[in-house]
**Student:** 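If you scroll down you'll find the structure; I have some questions about it.
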Amino acid sequence: MIESQQEMIDKIGYLLLKKGIIDAKILDKALQIKREDQNGLKRNLAQILVQELKFDHDTIFREVALLYAFKEINFKIEDIPEDKREVIRSMINGQGEDVKNLLLESKILPLRYDDKFKDKIVFAAVDPTSKDIIKVAHAFNTRKYEINYLKKADYDKAIEILVPPENKFLTDLQNFKEEISMEILDESSSIDEEQLNAEINKSALINLIEGALVDGVRRGVSDIHFIPKNGNRTEIHFRQDGKLQLWKTQTNTLPEAVMAVVKDRSKGMDRFEREMAQDGYIQRNIDGRVIRFRVSVLPVVGTEVKHKFESIVIRILDDSKIITDLDKLGLIGYGRKVFEKAIRQPQGMVIMTGPTGSGKSTTLVAALYQVINPTKNVLTVEDPVEYVIEGARQLKIGHKMNFEQAIRSILRHDPDIVLVGEMRDKETAETAIKLANTGHLTFSTLHTNDAPSAVARLFKMGVEPFLIAYAINLIVAQRLLRRLCPICKKRVEEYDGEYFKSLNLDVEEWKQYEIFEPVGCSKCHNTGYKGRLAIHESLYFTKDIREIIVRSGEEVDEEKIRIQAKKDGTLNLRESGLEKVRLGMTSIAEVVAGTTDD
């Protein structure tokens with residue numbers, strides 16, 4: 001009886017209640033909101049659950065699609081050829097700005113005209129019950145239309161590629177007619193702060209800086225470099241997929257003015273200080289996401305005495321790009337198996353090693369997310385903190401508590417799991433290893449070329465061999481390689497025997513694999529690569545490895561460790577990279593450039 005009453009009240013609500021997606025209390029609340037809906041919204045229950053009660057969009061609307069027999073389509077924009085993308089793009093843009101805005105606001109995607117019925121159009125919508133669908137169909141002037149349900153994440157990715165959002169700051173900059181220029185100062189004169197102030201207040205410079213921040217985020221850039229040059233020029237470079245690329249050159253403007261605008265728009269910086277290093281931060285809401293930027297300023301030497309040059313690097317920190325899924329780390333085979341085994345231990349240490357920018361922190365954060373739960377006290381000591389980790393207490397480093405003080409204090413704070421950002425010296429290393437040896441799962445990083453040399457580095461720091469041997473579970477060396485652009489990569493047809501021989505590779509063996517090389521297109525900025533992937537060397541501390549370390553004399557025998565690790569199943573970085581070549585993910589040239597042949 002109760003069920004039939006609920007069904008009469010709302011079909012969607014009854015279905016979701018029956019499937020256990022919502023309970024009776026939530027249903028009552030949603031129905032109350034529906035009754036009180038103001039301004040003639042007339043939303044259905046699914047829309048209220050998502051918009052007001054914050055239920056997951058796809059969980060709700062997948063059930064709605066099933067209820068009303070809307071077909072769910074698997075639409076991955078990255079799998080759609082460029083010619084078909086262009087057809088969809090022209091359909092979006094071809095009906096005028098009003099229709100385009102309606103499509104974007106309603107999250108409706110026109111896919112194609114039906115092959116059998118020319119007056120029928122096929123749409124995909126994240127909300128197939130939207131009343132705007134009728135308006136959109138009318139705007140396309142078709143007699144019939146078909147609606148399919150599309151997951152929100154797939155829609156968002158498609159729109160990001162098909163209709164990239166306009167960078168308002170760069171548009172304003174292009175429309176800014178007044179040329180930015182200043183009278184060049186005399187060789188012997190100092191910077192005129194009043195003139196400089198007048199220049200930096202011009203909106204064109206502000207638009208340049210803000211435009212760089214927005215474009216950097218949208219392109220997936222890791223760092224933005226502002227480099228002062230002689231002749232009143234400033235070069236702005238983006239680090240994309242690990243390589244610096246020139247984005248824009250600002251001419252006829254004092255470099256001091258450009259740098260002053262960056263410092264003005266950053267927190268914790270003094271615009272008038274030009275002779276010491278400074279660190280600050282910027283926070284912006286870009287495309288509905290809160291993005292943090294870490295700003296580093298360093299004084300640099302120029303050939304013109306009148307200038308006080310500074311170099312600025314801005315690191316983009318996007319919490320939405322935190323990896324929490326181990327599948328996305330690129331660990332495969334033995335490396336994946338021992339990584340999972342090591343982080344599931346109740347105690348011991350996991351060390352990531354590699355140069356700056358090799359993704360060590362990203363991997364450790366992903367590992368942390370596998371073990372964080374409400375029963376564990378997770379503490380992190382990082383300087384600086386790059387990503388906000390949900391469920392962890394991240395210690396705040398400042399002038400009143402530095403990194404070393406935080407490390408010493410952490411033992412008294414009842415930790416279960418600890419992340420030490422970097423083992424910088426003997427004291428930090430010993431404290432971290434002591435944590436691992438006294439019943440805590442500990443994560444940290446170290447700067448060495450490979451996993452066996454991390455053991456030697458700790459040994460040379462003065463850490464006792466038996467502590468190294470029995471406190472550490474796993475050492476992983478990591479590098480980032482550029483991923484081949486999926487749109488333009490082409491299969492290797494001709495194999496250069498001499499080249500393969502120089503790399504100690506059997507060309508006949510490699511001919512049986514389908515391997516690819518870069519080409520270059522507009523989507524990858526003609527580099528042939530788009531995005532990056534990680535390769536790993538995983539040194540798991542087996543009984544044999546521990547024995548080698550404990551028996552070390554004055555020096556650790558790295559070669560002996562390498563030989564034993566290979567017997568255990570470890571791939572070195574070159575071998576790990578070549579595995580990714582066999583999978584069609586990167587090129588041999590990229591692996592060779594990013595690894596050494598050990």
Side-chain angles (χ1 to χ4, degrees), residues 39-44 46-47 50-51 57-58 61 65 70-115 117-175 207 210-211 214-220 284-289 320 487 521-523:
N39 304 321
L41 290 176
K42 295 184 179 177
R43 294 176 294 178
N44 62 45
Q47 292 163 343
V50 172
Q51 294 166 14
H57 183 282
D58 291 334
F61 278 98
F70 290 112
K71 180 184 172 186
E72 179 179 345
I73 60 166
N74 182 25
F75 182 86
K76 302 289 184 187
I77 190 66
E78 51 267 41
D79 297 336
I80 305 298
E82 186 55 36
D83 57 338
K84 291 188 178 177
R85 289 188 195 182
E86 196 52 47
V87 170
I88 298 172
R89 197 177 282 120
S90 63
M91 290 175 75
I92 294 170
N93 296 319
Q95 305 299 317
E97 206 61 31
D98 289 344
V99 177
K100 177 182 172 181
N101 290 335
L102 182 60
L103 282 166
L104 295 175
E105 286 168 14
S106 309
K107 297 190 185 301
I108 299 168
L109 198 62
L111 296 180
R112 64 183 184 279
Y113 286 96
D114 195 287
D115 295 331
F117 308 99
K118 294 299 179 186
D119 59 347
K120 180 182 176 182
I121 191 169
V122 179
F123 292 112
V126 300
D127 176 5
T129 65
S130 171
K131 292 182 172 61
D132 289 332
I133 292 170
I134 297 172
K135 296 180 193 173
V136 170
H138 181 72
F140 275 84
N141 199 27
T142 55
R143 292 175 58 196
K144 298 174 183 176
Y145 59 90
E146 177 187 322
I147 302 296
N148 295 291
Y149 163 65
L150 176 65
K151 291 196 288 288
K152 187 175 181 295
D154 290 344
Y155 170 85
D156 290 341
K157 183 69 176 174
I159 288 299
E160 182 186 322
I161 291 171
L162 294 169
V163 193
E166 180 186 50
N167 190 330
K168 180 181 179 296
F169 297 106
L170 295 185
T171 304
D172 289 347
L173 184 63
Q174 289 166 357
N175 295 335
N207 284 332
E210 294 292 342
V214 171
D215 209 34
V217 170
R218 288 178 178 167
R219 285 199 194 186
R284 293 286 182 271
N285 191 313
I286 297 174
D287 299 335
R289 307 198 311 272
S320 70
I487 294 169
C521 65
S522 60
K523 295 301 175 185

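Throughout, residue positions are numbered sequentially from 1 according to the sequence presented. What you see below is based on every heavy atom in this structure, not just the backbone, and it leaves out hydrogens, waters and symmetry mates.
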**Student:** Scan side-chain atoms only and decide if D127 and Q47 contain a donor-acceptor pair under the 3.5 Å cut-off.
**Tutor:** yes
**Student:** Calculate, to the nearest 0.5 Å, the distance between atoms CD1 and CZ belonging to I286 and R289 respectively.
**Tutor:** 8.0 Å
**Student:** Would you please name every residue forming a side-chain contact (heavy atoms from CB on, under 4.5 Å) with N101, sequence neighbours left out?
**Tutor:** E97, E105
**Student:** Enumerate the ring-ring contact (aromatic ring centres under 6.0 Å, His included) contacts for residues 74-103, please, sequence neighbours excluded, ordered by first and then second residue.
**Tutor:** none
**Student:** Please give me the minimum heavy-atom distance between A139 and V99, naming the atom from each residue.
**Tutor:** CB-CG2, 3.6 Å
**Student:** For K157, check side-chain contact (heavy atoms from CB on, under 4.5 Å) against everything at least two apart and list the hits.
**Tutor:** I77, E78, E160, I161
**Student:** Any side-chain heavy atom of L111 within less than 4.5 Å of one from I73?
**Tutor:** yes
**Student:** Can you name the residues that form a ring pair (Phe, Tyr, Trp, His ring centres under 6.0 Å) with F140, not counting sequence neighbours?
**Tutor:** F123
**Student:** As an exercise, state the distance from CG of N93 to CD1 of I88, rounded to the nearest 0.5 Å.
**Tutor:** 12.0 Å
**Student:** Just grab all the salt bridge (charged side-chain N to carboxylate O under 4.0 Å, His left out) pairs involving residues 87-96, residues at least two apart or on different chains.
**Tutor:** E82-R89, E86-R89
**Student:** With R284, which residues qualify under side-chain hydrogen bond (donor to acceptor under 3.5 Å, both in side chains), at least two apart?
**Tutor:** E210
**Student:** Rounded to the nearest 0.5 Å, what separates atom CG in N74 from atom CG in N148?
**Tutor:** 12.0 Å
**Student:** Taking NZ, NE, NH1 and NH2 as the nitrogens, is one of them in D154 or K151 under 4.0 Å from a carboxylate oxygen of the other?
**Tutor:** yes
**Student:** What's the verdict on side chain to side chain contact (heavy atoms under 4.5 Å, CB included) for I487 and R85, showing C-alpha distance, side-chain angles and the deciding distance?
**Tutor:** CA-CA 12 Å; I487 294 169; R85 289 188 195 182; 3.8 Å; yes
**Student:** Do N44 and K131 touch side chain to side chain, with heavy atoms closer than 4.5 Å?
**Tutor:** no
**Student:** Could you pull out the closest heavy-atom pair between Y113 and M91, with the gap in Å?
**Tutor:** CE1-CE, 4.0 Å
**Student:** Looking only at heavy atoms, what is the nearest atom pair of Y145 and I134, with distance?
**Tutor:** OH-CG1, 3.6 Å
**Student:** Report the residues that fulfil side-chain contact (heavy atoms from CB on, under 4.5 Å) with A65, sequence neighbours left out, ordered by chain and then residue number.
**Tutor:** F70, Y149
**Student:** How far apart are the closest heavy atoms of P128 and I133, and which atoms are they?
**Tutor:** O-CD1, 3.4 Å
**Student:** Apply side-chain contact (heavy atoms from CB on, under 4.5 Å) to R112 and list each qualifying residue two or more places apart in sequence or on a separate chain.
**Tutor:** V122
**Student:** Who pairs with K152 by side-chain hydrogen bond (donor to acceptor under 3.5 Å, both in side chains), at least two apart in sequence or on another chain?
**Tutor:** D156
**Student:** K135: which residues meet the salt bridge (charged side-chain N to carboxylate O under 4.0 Å, His left out) condition with it, sequence neighbours left out?
**Tutor:** D132
**Student:** Looking at every non-hydrogen atom in both residues, tell me the closest pair between L103 and P110 and how far apart they are.
**Tutor:** CD2-CD, 4.0 Å
**Student:** Any heavy-atom pair between the side chains of V126 and F61 that's under 4.5 Å?
**Tutor:** no
**Student:** Quick one: list whatever passes salt bridge (charged side-chain N to carboxylate O under 4.0 Å, His left out) with D58, sequence neighbours left out.
**Tutor:** none
